[in-house]
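These numbers come from a predicted model, not from an experiment. Side chains are part of it too, since the values below use all heavy atoms of this structure and drop only hydrogens, waters and symmetry mates. Atoms within each ligand, like the ligands themselves, are counted from 1 in listed order. For reference, positions follow the sequence shown, starting with 1.
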Amino acid sequence: MSLNKELTKQAYEEVEKHTERVQKDPYFPGFHLAPPTGLLNDPNGWIQWKGVYHLFFQWMPFKTGHGAKFWGHFSSENLTDWTLEPIALTPGDWYDKNGCYSGSAIIHEDKLKLFYTGNVKDENGNRESYQCLAESKDGFSFSKKGVQVELPDEYTPHFRDPKVWKHNGRWYMVIGAQTKEEKGAVALFESTDLKEWRNRGTISHANQAPLSAFGYMWECPDIFSLSGKDVLLFSPQGLSPDGIQFNNTYQSGYVLGELDYPKASFNHGSFEEIDRGFEFYAPQTTEDEKGRRILFGWMGVPDQQEFDQPTIQNGWVHQMTLPRELRLVNGRLHQLPLPELEELRAENVFNGPIDSQYEGSIARTSEIQLKGTVKKLCLFDNMTLTYDPKQSLLTLERPNVADGKPERRSCILSSALNSLHLYIDHSSLEIFVNDGEAVFTSRMFADPANRSLVIESGGKVDMSIWKLKDNTVSYMNHPE
Ligand code: FRU
């Protein structure tokens, strides 16, 4: 049996062994994507093809830790009901033996093509990086086509996460990189035929205004245009906290500007964090068949107390965010929950104005919409959101997963707080603020039996609450 086949078989055996225990965990999500067992990280290969949405993910089936990643695969026709599909990529070839690392998908000549990084470590632990291709005729079974792009001289082997797109009839690929001076960078490649790739150089890096001293590695770059601007999303590593900014171990954010394709230069402004919560990293976007720019993120951060999370004892760790539509509003990215998510609603349980002190009880899969000025919201005696109108400062506080001490993330809103939209899924909380101007994405390890919701308002507040479905992902569809 080939190594790919052997590893694939072992991964299915792990799933078989652990799925039940994983899914019985009271923290396991009801409508978010999570691993059937083991560790999930970055969203990969995110695309819609022939009506079907495909989301692949970095997956370690053998333990709740990082290592030689597989590409797991979910599909959906409506963005609310998802199915776990057979494994897409297995790290069993010489060029990806230490992991089929992150990458992206495109459609070309009626095939779904996955570009990903083959991660290799030699016997002394030295890293090698290969940008590889795999193809599929049906979107579900993939054959590897090997190495497409070798590591150029100007970067260290921290060179990964190809994102490919088409512009004016040519193909482009950005890769997260580290220069020989150990600065984070984005490398650009160009191709006319998807076979020969020309190195166009570095289009942005951490030693160039307006991003000086901006980290030692930039992961998961993604470039797209939105309302006439070019957006570069990336996840820099090595920034220090600066007041209410950059408080997570690693960041995720964007710059706006213009990518000059003929000159291969990107003139852009300053970096904005895309999410203000505790767990968010490595987002990836696609344009769907309706022309919407939709983002998925990983609801986790590398090296940020990942292994203190209590789900580890039940054999799984991490989940995806909900899919969100991106819009450019007044020069900033806004993120909006998709209208399709209304299909998650099982029952409307509250509708109307609330008193200045509201106390209630809600399901662990719930959606809450609040219009008006909320002063304080406390969920499950665990997550507390506080608004300070003098500074337009919104702060989320929770007990640290390891020592229980309070920890906070904050952001300053561009106008007064007027709406909150919350999605609660057992152990996660996504808060969309002022129609997507800011989002706080976080895991929430509250006592699973706690149902409490307490709200203090600072004026008239209207509230709607829905109980949401609790089983929209099917994990049963694997071949062996
Ligand atoms: C980001 C990342 C990527 C890499 C992948 C490996 O979380 O470190 O740069 O491709 O995870 O799982």
Side-chain angles (χ1 to χ4, degrees), residues 11 33 35 38-46 55-73 87-91 95-105 114-121 127-134 149 151 155-164 173-178 182 184-187 206 215-222 232-239 248-253 274-275 278-285 295-307 309 317-321 441 443:
L33 302 172
L39 175 146
L40 166 151
N41 57 305
D42 314 355
N44 291 158
W46 170 221
L55 183 75
F56 302 84
F57 59 99
Q58 286 287 285
W59 183 36
M60 166 41 75
F62 303 127
K63 57 177 185 180
T64 48
H66 294 275
K69 300 286 166 60
F70 289 58
W71 275 37
H73 182 191
I87 292 167
L89 298 176
T90 298
Y95 49 78
D96 59 19
K97 72 180 180 65
N98 298 97
C100 297
Y101 273 13
S102 287
S104 57
L114 306 178
F115 286 90
Y116 69 99
T117 299
N119 183 48
V120 173
K121 283 192 183 149
R127 196 185 282 265
E128 294 164 23
S129 165
Y130 302 97
Q131 311 317 308
C132 308
L133 172 67
V149 176
L151 176 67
Y155 306 106
T156 76
H158 284 288
F159 188 72
R160 52 181 171 264
D161 313 332
K163 178 84 187 338
V164 180
M173 178 192 283
V174 273
I175 299 177
Q178 181 180 63
E182 300 195 3
V186 174
Y216 56 81
M217 173 63 192
W218 292 2
E219 297 190 312
C220 301
D222 185 351
L232 166 63
L233 260 183
F234 62 104
S235 296
Q237 301 191 322
L239 307 187
N248 289 337
T249 301
Y250 305 126
Q251 277 54 56
S252 263
I274 189 164
D275 194 282
F278 293 90
E279 276 89 17
F280 185 93
Y281 197 71
Q284 189 175 90
T285 72
L295 170 146
F296 263 103
W298 169 32
M299 211 186 282
V301 178
D303 305 330
Q304 185 178 287
Q305 297 191 302
E306 289 178 80
F307 309 113
Q309 296 193 12
V317 65
H318 302 311
Q319 63 176 62
M320 291 295 170
T321 67
T441 301
R443 298 303 298 279

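Note on E128 versus K121: no salt bridge recorded, every NZ/NE/NH1/NH2 to OD/OE distance being 4.0 Å or above.
Between F234 and D222 the shortest side-chain heavy-atom distance does not fall below 4.5 Å. For the pair Q284 and F296, the minimum side-chain heavy-atom distance is 4.5 Å or more. In this structure, the side chains of F115 and C132 stay at 4.5 Å or more apart for every pair of heavy atoms.
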Tell me, with the steps shown, if I87 and W59 meet side chain to side chain contact (heavy atoms under 4.5 Å, CB included).
CA-CA 10 Å; I87 292 167; W59 183 36; 3.7 Å; yes
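Here Y216 pairs with nothing under the ring pair (Phe, Tyr, Trp, His ring centres under 6.0 Å) rule; sequence neighbours left out.
Protein neighbours of ligand 1 below 4.0 Å, counting non-hydrogen atoms: N41, D42, Q58, K69, Y101, S102, R160, D161, E219, Y281, W298.
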